[in-house]
Engineer: 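Can you read through this structure? Questions will come right after.
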Amino acid sequence: MKRLKFWIGTAGLLTAFALQASPAFATWPSIEIALWDPHFAKQDRQDKEYLKVLEHAEKNEFAEALPLTEKLIKERPNKGTPLILKSLLLYELGRYREAHQTLLRGRGIQPRHPAIHYANCEVYRMLGVVDLSKRGCGIAVNQHQKLPEAHYEYALTLAANGEMNEANLELELAAELDPKSPVYPHERGMNHFYLNDLPAAEKAFLKAIEIDPKHLDALYQLGYLYAVRGELEKSQSYLERLYEMRTNHPKVESARKLIEMIKTDRVDELPKTVIPHQYHMSRSRSLYQSGEYGLALFEIQTAARLNPKDKPTQEILVGLASLLLRLELTEISIETMMANIDSDPILQAKSYQEMGDLYALRGNMKGARKFYQKAMELGDPDNLAKTSLSELPPNDHSIPNALDPDELFFLPAEALNRRGELFSHYGMHKRALAVYSMVLRMAPNHLMAKLNTAATHYNTGEYGRAISMLEKISMNHPNHEYILSHHVLLAKCYAQKGDEPQMVRNLQFVRENKPELLPSLREDPAFTKYRHLALFR
């Protein structure tokens, strides 16, 4: 994790000036993708409710369209289209994990819907699942060969995977289908730049500006390209043209800095060629810093594949995959790293520790013990193996419901919280508390991490600490969705402390809100001394 922190805070000249990642333009799909062909569903493309959703989406009013889909989902529970439209909206709003979960529901109802694979292409890319994104993109292109947005989305996935020539072929097809869009030639220029083909990049950027003279990204990239080639007057003319627009766009400030470098004769500091592995490393870092964690994971996988013997890259891949609870990817990445990197006892120990965690989280305690013991033999640099072995259950466990193989986390805090829940499930409470502490450092107001911390303190007999945390939560979140369980846990804590009035106060809340729960609580061991109370009758 130390390596990951260092990587996150490092600045790179390549990212700062050359191939800057710009947000892709909105690719809300056309009606041919979003709604069924009349052959399959005669009314879909005439349905006023569906068309109202599309009307908002085409204006980039995604938040306004979302309640419309939620209403349709309730009214049409047997239709997949409302769910799929909602998934596409959630994607545009950057809520990728929810988009994925909603897409799975829609896919379960209508697996042949024309938007399924298009959505797979987009959502899995943003979640960092390389194979499924490529597969979805490929099928979407075959289904919608005459729709430019399908080719464009495929190009984005191919580019993130370092397949720039293939991406350019898709962009050329998109440009043939939609010759008035400057986006496709601009993206081709970026890919040619990656391939160190500056003449082709120049031609593509000029094409983008021909279509749209105010295309800020293409203006900037031309300015950079001419600066690298030493054509400083030409470079400055494009950069000043961009800077004079004074729009709220990141390239405007970049143009100002580049103009300053030209004027102070520091152009030689600019990177003149792109090294693919470093490019994807820089992209991953930039994306992580901007909160695009899944795409950062995608890019670091590409960097690691291009340079499997680079130790820092492989460490980052393992760290980020582990951080997002991608167990299979973490395991594969550890095995790849250990096969390609020379003997390093500290790295080996950390790798065995991580493998131990993987096996423990899956319920394979025998396998986990083997790896933890190997980490101990190599010095156990973080003392996690020792802690883990002291808490590890003696026998294997069935995999808990909390570990859903279809669930993909996008936010590190959510993934870490689930990791803590899994450790708690196996009685590994010290490990769980350490993980919850990490969550709360990342997201101090993370409600579930706070409740989970309190529950873990209860399970370890630290009733006072659990009470303190739960009472604070009551003050800050008096009506949260788990408030009933919250009061039950508080009642149990006070019962264990022998504080009958406070126990009764919390049980009164239960009686007022869900009285049928009290008979089962009467049998809870925490309330053994109080079963005689009238409250339980």
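Below, each value reflects all heavy atoms present in this structure, side chains not excepted, and no hydrogens, waters or symmetry copies.
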Engineer: With a 6.0 Å cut-off on the ring centroids, do F205 and H186 count as close?
Structural biologist: yes
Engineer: Will you find, in the side chains of Q314 and T336, an N or O donor that is under 3.5 Å from an N or O acceptor?
Structural biologist: no
Engineer: Check the pair E354, R419 against salt bridge (Lys or Arg N to Asp or Glu O under 4.0 Å), reporting the backbone distance first and the verdict last.
Structural biologist: CA-CA 12 Å; E354 186 64 44; R419 179 184 286 258; 3.7 Å; yes
Engineer: Would you kindly say whether R441 and S437 are connected by a side-chain donor-acceptor distance under 3.5 Å?
Structural biologist: yes
Engineer: Would you mind checking if E414 and R95 are paired as a salt bridge, meaning a charged N to carboxylate O distance below 4.0 Å?
Structural biologist: no
Engineer: Sequence neighbours excluded and cut-off under 3.5 Å, please list the side-chain donor-acceptor pairs for residues 135-144, or say none.
Structural biologist:
unit_1	atom_1	unit_2	atom_2	d
N142	ND2	G138	O	3.3
H144	NE2	P114	O	2.9

Engineer: What pairs with R362 under salt bridge (Lys or Arg N to Asp or Glu O under 4.0 Å), at least two apart in sequence or on another chain?
Structural biologist: E331
Engineer: Can a donor-acceptor pair be found, under 3.5 Å and without considering hydrogens, that links the side chain of Y426 to the backbone of L361?
Structural biologist: yes
Engineer: State whether a side-chain donor-acceptor pair under 3.5 Å links N417 with E421.
Structural biologist: yes
Engineer: Just by distance, no angles: are the side chains of S87 and R105 close enough, under 3.5 Å, to form a donor-acceptor pair?
Structural biologist: no
Engineer: Taking the inter-plane angle between the rings of Y194 and H280 on a 0 to 90° scale, is it parallel (under 30°), tilted (30 to 60°) or perpendicular (over 60°)?
Structural biologist: perpendicular
Engineer: With no hydrogens and no angle check, is any side-chain donor or acceptor of R125 less than 3.5 Å from a backbone partner on E153?
Structural biologist: yes
